[in-house]
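Data first, discussion second: the structure below is written as structure tokens.
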Amino acid sequence: MRFSQYFLPTLKEVPSDAVIPSHILMVRAGMIRQLTAGVYSYLPLGLRVFRKIEEIVRQEMNAIGGNEFLLPGLSPNELWAETGRLVDYGDDMFRIKNRELVLAPTHEEVFTSIAKPNLISYKNLPQMWYQIQTKFRNEARPRGGMLRVRQFTMKDAYSFDATWQGLDESYSKQAQAYRNIFTRCGLKFFTVTAHSGAMGGSESEEFMVEAEAGEDTVVISSDNKYASNLEVASSYAEPVGRSDSGLKLEEFHTPNIKSIDELAGFLGITDKTRLAKSRLFVVPAKSEGAKDGYVLALVCGDDEVSETKLSNIYAAIRPGHPDELLEIAGADAGSIGPVNFRNKSVEFIADLRLKDADELISGACKNDHHIRNIDLKRDVPGIKYEDIRTVKDGELSVDRNSKLRLVKAIEVGHIFKLGTRYAEALSAKYLDDNGKENVIIMGSYGIGIERIAAAYIEQNNDKDGIIWGGEIAPFGIHLISVGKKSDEIRQSANKLYEELKKSGYEVLYDDREDISPGIKFKDADLIGIPLQLVISEKNMKNDEIEVKIRRSGVREMVKSADIFNRLPFFMEKA
RNA sequence: CGGGGUGUGGCUCAGCCCGGUUAGAGCGCCUGGUUCGGGACCAGGAGGCCGGAGGUUCGAAUCCUCUCACCCCGACCA
């Protein structure tokens, strides 16, 4: 492609609305332009990258027996009502105003509706279906350039199996395909087990790319054996233990003490482990007329309650409102504790660190008062112990063999054993070899195409621009002609360009005239094509071509006659 | 949805508090010339009813009210 004919608007300055590196660079390198919040136009260079990623994904899907579909974005309300998601998806789904249609945010329903009349015998199974298609999600707050948007390209795949073992196989095929895809895209990634959600038992893994701009916080062990979403991560935590002193409960006055830190300061101590932090949660009633439940969660004063872990134990929970606290506990947030509860139907749960602990200090359920010498075993009958704390940076892994690190990460892929939820709702069933009717067992597997590009750029950039590599570089070679425009330079650059193309290289040829060399070099580094070839007056005198590797910045002079012999070597190194 | 911020030529921004001639700068763009290995130089030029509506005022980019859009933090979400 000749630069002079290519629409490649590069920007010297940082766009005012871009903050993270991938967003800034995608705009500056002329890959994308924003149309409105969370919606981007793909310019020729960006499209080229996205298409390359799609092609890798397509190849790997086909390699595991995937059937490529292309389903519509528009979808009838009726179908979504059948699975309950017309309501459940809430405001995150775009809804058409003048027709009973939605813009599909995902395609379980539509794929299942095709499976239902067609996958009717065990002989039709298993099947692996996928598409690379535009998704619409009405994100409340799009952010981070292409990281969270309202319209994006997703590869979504769905497996249909007759048995749970079959699902396991489909799932692991996808997992392997995902590893191939991200490796080929040049991403440094890892996987974490995602939280199982309300359905429980369903296996689910997220493919994560470490990046400061990421929205997820992930815990990884230094020996790389453990990785988990912070929400559900566990660490080794020293138990508080018992002293068995048998000291009696003792209430004391703590004027205006609201937080654990203030309490520690008031008591003149630094170790907060025995200052039990109490948080009251509401378990909303499941049906009309039923009563809400209440849970008091206790953790050490230097820990935080993980609401995700709690909700995995109690299903839906929410923090109690101030007026609820007062009514149920008889005190405001800073003075609540496990004894003296006004409302007797509260369940108590404490973190494992506090198992059977005594000599604890906590709120007295009376404003401005605390109690010391609380013995959970003696004073809080019926208390449960579970892992409900949030892991902190620098703690030891559960096996105590390595240190844990909290990192920010971008989720680029998610695979999920769906089970029978959608097939059941839409009654997609097949007959087994005994003639018995069974519900089809499904898995779903998603990859965000643009997110891969963004995540790649987050990991591969420097002060000058993007550094492409792997298989997703928009072009393999950036040919630059510099210097005073003479017929000589123009002709030899043109000739090299044609020869490179003939040899199968993808070349961006900066043939612009009356553009100073500096601009060409800056643009080349910004766009970040792995190899730059420079033809100039200076080089031509020695019958040489300069080869620059974008990533390392290394330059080497190569005799014109040798260039085609040496190129594979350079491509390898780039 | 809560909190904060920003809207001024194509881009990045100044001017706004403290209202007062024709609204500025840099970059980019056009013309001519000089340059030609890391975002060149000189000369000339085009381009904006200051997000929108209403109001205050003799007079509004500037003050007030409403509104729209975008960005950031959080909530939510995958």
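Only this structure's heavy atoms are used, side chains among them; waters, hydrogens and symmetry mates stay out. Fair warning: this is a prediction, and the values are worked out from it, not measured in the lab. Chain naming here is simple, since letters A, B, ... match the order of the sequence lines and numbering starts at 1 in each.
The cationic atom of A:Lys417 (NZ for Lys, CZ for Arg) lies less than 6.0 Å from the six-membered ring centre of A:Tyr171 and within 45° of the ring axis. Remark: A:Arg512 qualifies as a cation-pi partner of A:Phe3 under the 6.0 Å distance and 45° angle criteria applied to the six-membered ring.
Counting any heavy atom pair closer than 4.0 Å across all strands shown, A:Pro15 reaches sugar-phosphate atoms only and no base atom. Counting non-hydrogen atoms under 4.0 angstrom, A:Ala37 reaches the backbone sugars and phosphates but no base. Using a 4.0 Å heavy-atom criterion, one finds that A:Lys135 contacts no nucleic acid atom at all. Using a 4.0 Å heavy-atom distance criterion, A:Arg318 is classed as making no nucleic acid contact. Within 4.0 Å of A:Gly413, counting heavy atoms only, lies no atom of the nucleic acid at all. Contacts of A:Asp91 with the nucleic acid, taken as non-hydrogen atoms under 4.0 Å apart, are absent. A:Glu139 comes within 4.0 angstrom of a base, heavy atoms only. Backbone-only contact: A:Thr36 has heavy atoms under 4.0 Å from sugar-phosphate atoms and none from a base. Using a 4.0 Å heavy-atom distance criterion, A:Arg451 is classed as making no nucleic acid contact.
Atom CD1 in A:Ile489 sits about 11 Å away from atom C1' in B:rG37, given to the nearest Å. The CD1 atom of A:Ile519 sits 12 Å away from the P atom of B:rC27 (whole-angstrom rounding). The CG-C1' distance, from A:Leu35 to B:rC70, rounds to 12 Å in whole Å. Put simply, CG on A:Leu11 is 14 Å from P on B:rG10, counting in whole angstrom units. What separates CD1 of A:Ile480 from C1' of B:rG39 is a distance of 13 Å, to the nearest Å. For A:Asp523 and B:rG28, the CG to P distance is 12 Å, given to the nearest whole Å. The distance from atom CG of A:Asp514 to atom P of B:rA40 is 14 Å, rounded to the nearest whole Å. If you take CD of A:Glu215 and P of B:rC76, they are 13 Å apart, rounded to a whole angstrom.
Of the P atoms belonging to B:rG26 and B:rU65, the separation is 36 Å, rounded to the nearest Å. Taking the C1' atoms as reference points, B:rG20 lies 22 Å from B:rA25, given to the whole Å. The separation of B:rC16 from B:rG51, taken at their C1' atoms, amounts to 16 Å, rounded to a whole angstrom. B:rC71 and B:rU56 have their C1' atoms separated by 31 Å, with the value rounded to a whole Å. Taking the C1' atom of each, B:rU21 and B:rG5 are spaced 33 Å apart, rounded to whole Å. Nucleotides B:rA61 and B:rC49, compared at atom C1', are 11 Å apart to the nearest Å. For the P atoms, the distance from B:rC50 to B:rG9 is 10 Å, rounded to whole Å. Between the P atoms of B:rC30 and B:rA46, the separation comes to 15 Å (whole Å).
For an aromatic pair to be called close, the ring centres must be under 6.0 Å apart, and A:His478 with A:Phe521 fails this.
At B:rC13, one or more side-chain N or O atoms of A:Ser16 fall inside 4.0 Å of OP1 or OP2 (strictly under the cut-off). Contact between the side-chain N/O atoms of A:Ser516 and the OP1/OP2 oxygens of B:rC36 is not found at any separation under 4.0 Å.
Residue A:Val14 is the one, among A:Met154 and A:Val14, whose nearest nucleotide of RNA chain B lies closer to the 5' end (criterion: closest heavy atom). Each of A:Tyr40 and A:Thr10 was matched to the nucleotide of RNA chain B holding its nearest heavy atom; the match closer to the 5' end belongs to A:Thr10.
Comparing atom distances between the A:Asp216 side chain and each of B:rG37, B:rC71, B:rA78 picks out B:rA78 as nearest. With B:rC71, B:rA78, B:rG39 as the candidates, the nucleotide lying closest to the side chain of A:Glu411 is B:rA78. Distance from the side chain of A:Glu206 is smallest for B:rA78 among the nucleotides B:rC70, B:rA78, B:rG39. Among the nucleotides B:rC71, B:rG74, B:rG38, the one closest to any side-chain atom of A:Arg143 is B:rG74. Listed nucleotides: B:rG39, B:rC72, B:rC36. Nearest to the side chain of A:Pro517: B:rC36. Comparing B:rG39, B:rA75, B:rC72 against the side chain of A:Lys522 picks out B:rG39 as the nearest.
Looking at A:Arg512, its side chain has no donor and acceptor atom pair within 3.5 Å of the base of B:rG39. Counting atom types as modelled, A:Glu546 pairs a side-chain N or O with a base atom of B:rG37 as donor and acceptor under 3.5 Å. For B:rG26, its base sits under 3.5 Å from the side chain of A:Glu13 at one donor and acceptor pair at least. The base of B:rA78 sits within donor-acceptor range of the side chain of A:Arg148, with an N or O pair under 3.5 Å. The base of B:rC72 is not paired with the side chain of A:Arg141 by any donor and acceptor separated by under 3.5 Å.
The main-chain N or O of A:Asp543 is found under 3.5 Å from a side-chain atom of A:Ser560 such that the two form a donor-acceptor pair. In this structure, A:Arg555 contributes its side chain and A:Val547 its backbone to no donor-acceptor pair below 3.5 Å. Under a 3.5 Å cut-off, the side chain of A:Lys135 and the backbone N or O of A:His107 do not form any donor-acceptor pair.
Checking B:rG48 for Watson-Crick or G-U wobble geometry (two distances, each under 3.5 Å) identifies no partner in any strand. In this structure, B:rG26 and B:rC11 make a Watson-Crick or G-U wobble pair, each of the two defining distances being under 3.5 angstrom. Across all strands shown, B:rA53 forms a Watson-Crick or G-U wobble pair with B:rU65, both key distances being under 3.5 Å. Nucleotide B:rC58 forms a Watson-Crick or G-U wobble pair with B:rG20, both donor-acceptor distances falling under 3.5 Å. Using N1 to N3 plus N6-O4 or O6-N4 for Watson-Crick, or N1-O2 and O6-N3 for G-U wobble, each under 3.5 Å, B:rC1 pairs with B:rG74. If you check B:rG39 for Watson-Crick or wobble pairing at under 3.5 angstrom, you find it has no partner at all.
Using bins of under 30°, 30° to 60° and over 60° for the plane-to-plane angle, the ring pair A:Phe69/A:Trp129 lands in the tilted bin. The aromatic rings of A:Phe189 and A:Phe207 sit tilted, their planes meeting at an angle between 30° and 60°.
Checking A:Glu450 against A:Tyr42 by side-chain atom types alone, a donor-acceptor pair falls below 3.5 Å. With hydrogens and angles left out, the side-chain atoms of A:Asp511 and A:Gln5 include no donor and acceptor closer than 3.5 Å.
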Base versus backbone protein contacts along nucleotides 29-34 of chain B [heavy-atom cut-off under 4.0 Å; B, S, -]: ------

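Residues meeting the salt bridge (Lys or Arg N to Asp or Glu O under 4.0 Å) test with A:Lys573, sequence neighbours left out: none.
Sorted by first then second residue, the salt bridge (charged side-chain N to carboxylate O under 4.0 Å, His left out) pairs that include residues 15-26 of chain A, not counting sequence neighbours, number zero.
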